[in-house]
Amino acid sequence: MGRRGGSLVRSPRAGKEGGRNLANIATVQPDTFPKLLIRNAETFGGRPAIRHKDLGIWQSWTWAQVLDEVRALSVGLAALGLKRGDKLAIIGHNRPRLYWAMAAGQALGAVPVPLYVDSVAEEMAYVLDHAEATIAVVEDQEQVDKVLSLSDRLPKLSLIIYDETRGLRDYDHGRLKSISGVQAIGREQLAKDAAAPQRWQASVDAGKGEDLAIILYTSGTTGRPKGVMLTQENVLVSARNGNTFDNLTEKEEVIAYLPLAWVGDHIFSYAQSYVAGFCVNCPESPETVVEDRREIGTTYAFAPPRIYENLLTLTMVRMEDASALKRRLFHYFIAVARRWGEKILNHEPVPLHARLFYRLGEVLVYGPLKNRFGLSRIRVGYTAGEAIGPEIFRFYRALGINLKQLYGQTEASVYITAQPDAEIHAETVGKPNIDVDIKIAESGEVLFRSPGVFAGYYKDPDKTAEVKTPDGWVRTGDAGFLDPKTGHLKIIDRAKDVGRLNDGTLFAPKYIENKLKFYPNIKEAVALGDKRDFACVMLNIDLVAVGSWAERNNVVYGSYQELAGHPLVYDMIAGHVEEVNRSLAEEGVMAGAQIRRFLILHKELDADDGELTRTMKVRRGLIGERYAALVQALYDGSQAADIATQVTFEDGRKGTIAARVKIRGMTAVAAAPAAMEQAA
Amino acid sequence: MRAPSERDAAAGEVLLSVEKVSLAFGGVKALTEVSFDIRRKEIRAIIGPNGAGKTSMLNVINGFYHPQQGRITFRGQTRARMRPHEAARGGIARTFQNVALFKGMTALDNIMAGRSLKMHSGFLWQLLRYGPAMAEEVQHRRRVEEIIDFLEIAHIRKVQVGRLPYGLQKRVELGRALAMEPDLLLLDEPMAGMNLEEKEDMSRFIIDVNNQFGTTIALIEHDMGVVMDLSDRVVVLDYGRKIADGTPDAVKSDQAVIDAYLGVAH
């Protein structure tokens, strides 16, 4: 470390926002979590710091009370032998006492290591062993059992501390203690020994910004999880910059429901709360999150795309069951919202009648709907983790919910880029966050440099060196480019999947495929082009969507194969491909990778035939081999090709499908500058 | 799964004993001279093939049926017949083979209903929700919330039970029985119609109830695996007669039991 010289961290925007809240009056910010806690207890003493719904009632603790609880726990932990540099494993759902355990450990200079609650025993054993955790703080009996079952493989682990006592009464308490029991030890010491409070304070004061704050294990899709080490400074400067970026104050309300082991939760529900002083709400149980969110009325929210997708699907399904009048009202005003909502949210000029209709819709539809979602009071909502469908994204924005996209990584303490308010482009992930530098490598890979850059992978300098360059840049593993028009970052694919055409143009298969699959008529797409002269695609039509289209357009067909080969279907799909080409043409670096030829496959790609993975991702390599004849035809200029493929039927029998597949050529659209002139 | 040592020490004192109970409906003998006892803090299973008289036995215990012969001693009090409300007041709660909840009410209200015997303020006060009645309701609600938390049904607290899946309805019914804070809990096929996961959940709840609250439990169950895992002692009925009584292991190897289940010529 020491890259930033270990200097005291100054809030970069403190002057500019003078007087917005007390937190920013001080020019020198506390540089560790425990110091922030003490500051918060002084500054926001009476404000709620954390709530937990228990026995049907929201129990809350003020910052002053949290300080008291954390100190008691911390002194208790010290009495049980936790010391500077030790690792403190934390396993459980989002509960106040588990968050306190993090701060209590950090006050002693110990490093919390949160684990995923639902990880299997094997994975848990690996992380606990690799992190060399000495004490584990866990939620309940389930986690106690899991850790106990691994105990013979974890010689370093000497104590398990639990929050929920239920079912644990009959356990052997030799290596088991309750959190309240540990706090009682702490309280007793604090009361008995006059020097104990000062000793604790001294331990807090000894903490420095460059100290390790947390180790977050990333669940790698390949190989063992890696322990990302983040320093106090990494986490707190990132959190502070995030707060400044979105003007977050002590008045925000968030709900903490994402895994503690995930960097997102650590920043949003822990670090940003400590920095800004806002209140974190822990739901009653994982199943009650939506209801709990509604009761709290969160102002700042964070969720992976699937949560937004689920909410939307649920709404749509419920609307189908609603009365005819309600359904018509809903669809009418949703159409109004889709047309004007985003423009209003982005402060663009809109005609008066649109504003009036939108207001009416707000009263009749959007307001009640947002209330259902628990998003009535939302000021800033983020989606991240993976790409969100533009349709879904726009739906929420159209309702007036300020949903934005963010691109981040554990290695960056979350923030790399984010969309600033009113600068939203659905396909981008926004601009570099405060203090973040971005560069695009020759290969198209995105690199970043920021105060949040991690210290390294725990006990793995080789892996660290692979990712982190000597001058402080970090490889993200994602390929992307900066949109020339807006300066926003677009992520196109995993870097290892990105190739080049023979003329050197960037070729990102998934990016092209996703654009195509955005059309309901196209079910699957396989893009080809790496080390070729131009890009081609092989497509699957969606039988349901195209079937209904065929009905409406009097296209007669007897089978999937016949429909797929129908000239009118080809015409329709060609229209989609042309639109994709046009959108590629507008994107500078991608313009050269427009689709020049395409074909519609005579059969659906199928997981049973090994063409798709079980999670429905195309296996490019295998498809390239199996359809070699078609690939050759795509590139040798022929108009059609014969193919026979083996298929596996549902009952396991094998058969062969033979077909003559037609190939359609496309003309490339002129590249970006021309398109822009046209638009102007 | 649990620590037997502590439990065995606690068990011992007889909570309920059934002596030579016979029950007949006209000419049909449902129970013939059945005797057994239930000890404090144990989990007692009553098993047997279809029509063996298991549910009749439960109905006799909590006063639905009145036996023609025999005595029942509960907490030292012997009586030939008991009425259901006396049984409830005396600390016997039960769940039913076919869930018997108020379908139009929420899970919360259903469980609150289980507290009605414990409410002392008058009907009018309760109607007004004022003064002592309010204080009392708050106190009862707290107890009910503890049960909701215990059974992990917070997410369905305000859902009408008629809309809940079967497994959850069963759990709500257990909640209502627990709300009575019974000394003896009778469970009539608590796991009927459940899938494996639901069965495992329910088993855990039964063990926890027994463990945490010290509630004595008598249950009827068809799933032999569940019975053998859960119960401390098992009584086996066949054609209204007791054919075996003892620990799960002893019962499992009993020839009469094997015959009853596999079937022999009578």
Side-chain angles (χ1 to χ4, degrees), chain A residues 51-59 92-97 117-118 139-146 148-149 162-176 178 255 257 281-296 310-311 314 317-318 321 371-372 374, chain B residues 1-11 41 106-112 115 137-159 163-165 167-168 171-172 175 178-179 197 200-215:
Chain A
R51 294 195 193 94
H52 180 214
K53 195 173 180 188
D54 192 25
L55 301 183
I57 298 172
W58 286 100
Q59 325 271 348
H93 290 104
N94 316 67
R95 284 164 162 256
R97 287 183 185 79
V117 189
D118 47 4
E139 182 182 348
D140 56 9
Q141 181 188 18
E142 189 185 342
Q143 307 303 333
V144 169
D145 284 344
K146 219 188 273 185
L148 279 178
S149 75
Y162 56 85
D163 184 3
E164 185 82 46
T165 48
R166 175 175 164 193
L168 289 166
R169 224 180 38 185
D170 296 342
Y171 279 55
D172 170 17
H173 273 62
R175 298 175 51 199
L176 211 55
S178 70
I255 194 148
Y257 67 104
N281 299 280
C282 300
E284 187 165 26
S285 77
E287 292 89 37
T288 57
V289 173
V290 175
E291 191 57 31
D292 293 343
R293 188 192 284 130
R294 210 178 124 211
E295 288 175 4
I296 289 297
N310 289 348
L311 266 181
L314 214 68
V317 171
R318 291 240 176 101
D321 294 338
N371 183 31
R372 268 277 138 220
Chain B
M1 205 190 273
R2 47 201 174 119
S5 54
E6 210 172 301
R7 293 172 34 76
D8 288 349
K41 300 209 169 156
T106 63
L108 175 65
D109 288 340
N110 266 286
I111 301 174
M112 274 304 265
R115 298 295 294 178
E137 180 161 338
V138 167
Q139 180 203 333
H140 286 299
R141 173 70 188 271
R142 186 183 167 79
R143 185 75 197 106
V144 166
E145 285 294 342
E146 279 166 18
I147 290 165
I148 288 175
D149 183 52
F150 179 84
L151 294 173
E152 295 169 13
I153 47 177
H155 59 295
I156 54 154
R157 187 188 282 129
K158 302 232 166 111
V159 182
R163 287 168 48 199
L164 292 174
L168 281 174
R171 233 191 270 179
V172 174
L178 285 178
E197 197 186 329
E200 281 175 354
D201 280 349
M202 190 50 108
S203 302
R204 192 162 54 82
F205 287 125
I206 291 172
I207 291 171
D208 284 352
V209 167
N210 181 250
N211 235 334
Q212 294 260 117
F213 305 142
T215 311

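Between the side chain of B:Q212 and the backbone N or O of A:G167, at least one donor-acceptor pair lies under 3.5 Å.
The shortest non-hydrogen separation linking A:E284 to B:A154 is CD-CB, 3.4 Å.
Scanning for salt bridge (Lys or Arg N to Asp or Glu O under 4.0 Å) contacts around A:D163 gives A:R95, A:R97, with sequence neighbours left out. Scanning for side chain to side chain donor-acceptor pair (under 3.5 Å) contacts around A:N371 gives an empty result, with sequence neighbours left out.
Remark: A:S285 OG to B:E152 CD distance equals 8.5 Å, nearest 0.5 Å. The OG1 atom of A:T288 lies 12.0 Å from the CD1 atom of B:I156; values are rounded to the nearest 0.5 Å. Atom CZ of A:R169 and atom CG of B:D208 lie 10.5 Å apart (nearest 0.5 Å).
A salt bridge does not link A:E142 to B:R204: none of the charged nitrogens lies less than 4.0 Å from a carboxylate oxygen. The pair A:E291-B:K158 does not meet the salt-bridge criterion, since no charged nitrogen lies less than 4.0 angstrom from a carboxylate oxygen.
Other residues, nucleotides and ligands contribute over 12 non-hydrogen atoms within 6.0 Å of the CZ atom of A:R166. With a 6.0 Å radius and a threshold of 12 heavy atoms from other residues, nucleotides or ligands, B:R143 has its CZ atom above the threshold. Heavy atoms of other residues, nucleotides or ligands lying less than 6.0 angstrom from CZ of A:R175 number more than 12.
Comparing B:E145, B:R141, B:R142 by how many heavy-atom pairs each has under 4.5 Å with chain A, the most go to B:E145.
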